[in-house]
Amino acid sequence: MGQFDLFGGADTATDAVFAIKVPDDEWEDKHKLALEREMLGLYVSGHPLNGIAHLLATQVDTQIPAILNGDVATDSQVRVGGILASVNRRVNKNGMPWASAQLEDLTGGIEVMFFPHTYSTFGAEIADDAVVIVGGKVNIRDDRVSLIANEMVVPDFSSAQADRPVAVILPTRQCTVEKVGALKQVLANHPGTSQVHLRLISGDRITTLELDQALRVTPSSALMGDLKALLGPGCLGG
């Protein structure tokens, strides 16, 4: 009462209340992304899978959208990868613990059920923001699609592994001037520090070429998507 300016009329004591020191150091990316997810419900400045999505792609056999779009039959065994979110731990009527979670990659998310038998083995590693590979059975019931997990692996993405060359597989029959030019353009669109090894396949013969340093790339889901769109889904090597 009696104050006509939101910032006017404040004395020194009041000013001191609003004197908040902003840290000079920036949070680590992992911590910053976790806070973004907690506060906003989504990632803003990046995604925890950026830079490792291509490594996950070499260890799975199914993409999440393929399951959600009905391309995978119910009861099929699949192996998918991503980051766990919205982990909810529960206890069934027999007093056995289990959990549900959302498994998300850069293209979508699917509900995963860790029932007691699986939970007893992997429960300690089921946590929000954990990057995992899940093996399980596709469950489609009343238009609700989920995955019933029977195994889970926490992959080791050490810096040495993350910096390994990107392997691109190309049958020699596809080595046309147009295709090679398009491949060069895709790599140039994703500049970085990772080497690219081109594996030329001719029957049983494999010839590996280390591409010029000018074509080094930044591994990302965008790069992997562009490569698959150009060369086909089987173009990425392990």
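What you see below is based on every heavy atom in this structure, not just the backbone, and it leaves out hydrogens, waters and symmetry mates.
No continuous path of hydrophobic side-chain contacts links Ile148 to Leu68 [ILVMFWY only; heavy atoms under 4.5 Å].
Contact between Ala149 and Thr118 at its shortest, heavy atoms only, is O-OG1, 2.9 Å. The two residues Cys175 and Leu200 make their nearest non-hydrogen contact at SG-CD2, 3.7 Å. Listed here is the closest heavy atom pair of Val196 and Val168: CG1-CG2, 4.0 Å. Closest non-hydrogen pair, Val131 versus Pro155, comes out as O-CD, 3.4 Å. Here the closest non-hydrogen pair linking Asn92 and Pro116 is ND2-CG, 3.6 Å. Closest of all the heavy-atom pairs between Leu147 and Val80 is CD2-CG2, 3.7 Å.
Here the CG atom belonging to Asn139 is positioned 8.0 Å from the CE atom belonging to Met113, to the nearest 0.5 angstrom. Here the CZ atom belonging to Phe122 is positioned 8.0 Å from the CG atom belonging to Asn150, to the nearest 0.5 angstrom. Note that the CD1 atom of Ile133 and the CD atom of Glu151 stand 9.5 Å from one another [nearest 0.5 Å]. The distance from the OG atom of Ser100 to the CG atom of Leu84 is 10.5 Å, given to the nearest 0.5 Å. Rounded to the nearest 0.5 angstrom, Ile83 CD1 and Asp105 CG are separated by 11.0 Å. Interatomic distance, CD1 of Ile67 versus OG of Ser146, reported as 10.0 Å (0.5 Å rounding).
Between Trp98 and Phe115, the gap from one ring centroid to the other is short of 6.0 Å.
Looking only at distances, no side-chain donor or acceptor of Asp61 sits under 3.5 Å from a matching main-chain atom of Val78. In this structure, the side chain of Arg199 does not engage the main chain of Thr207 through any donor-acceptor pair within 3.5 Å. One N or O on the side chain of Asp128 and one on the backbone of Ser86 form a donor-acceptor pair closer than 3.5 Å.
Contact annotation: the side chain of Thr172 never approaches that of Ile201 to less than 4.5 Å [non-hydrogen atoms, C-beta and beyond]. For the pair Ser76/Lys137, no side-chain contact is recorded, criterion being any heavy-atom separation below 4.5 Å from C-beta on. No side-chain heavy atom of Met96 sits under 4.5 Å from any side-chain heavy atom of Tyr119. The shortest side-chain heavy-atom distance between Val138 and Gln77 does not fall under the 4.5 Å cut-off. Contact of the Arg79 side chain with the Val153 side chain is registered, since non-hydrogen atoms from C-beta on lie closer than 4.5 Å.
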Take Leu236 and Met224 through the test side chain to side chain contact (heavy atoms under 4.5 Å, CB included) and record every step on the way to the result. CA-CA 8 Å; Leu236 300 177; Met224 303 307 153; 3.7 Å; yes
Yes or no on side chain to side chain contact (heavy atoms under 4.5 Å, CB included) for Thr218 and Leu223, after CA distance, side-chain angles and deciding distance? CA-CA 8 Å; Thr218 296; Leu223 170 62; over 6 Å; no
Identify every side-chain donor-acceptor pair in residues 176-183 under 3.5 Å, counting partners at least two apart or on other chains, and give the distances.
unit_1, atom_1, unit_2, atom_2, d
Thr176, OG1, Lys179, N, 3.1
Lys179, NZ, Leu230, O, 3.2

Could you go through residues 208-217 and list every donor-acceptor pair under 3.5 Å that involves a side-chain atom there, pairing it with any protein atom two or more places apart or in another chain?
unit_1, atom_1, unit_2, atom_2, d
Glu210, OE2, Gln195, NE2, 3.1
Asp212, OD2, Ala214, N, 2.8
Arg216, NH1, Thr193, O, 3.3

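Summarising the local packing, CG of Asp142 is surrounded by 12 or fewer heavy atoms from other residues, nucleotides or ligands at distances under 6.0 Å.
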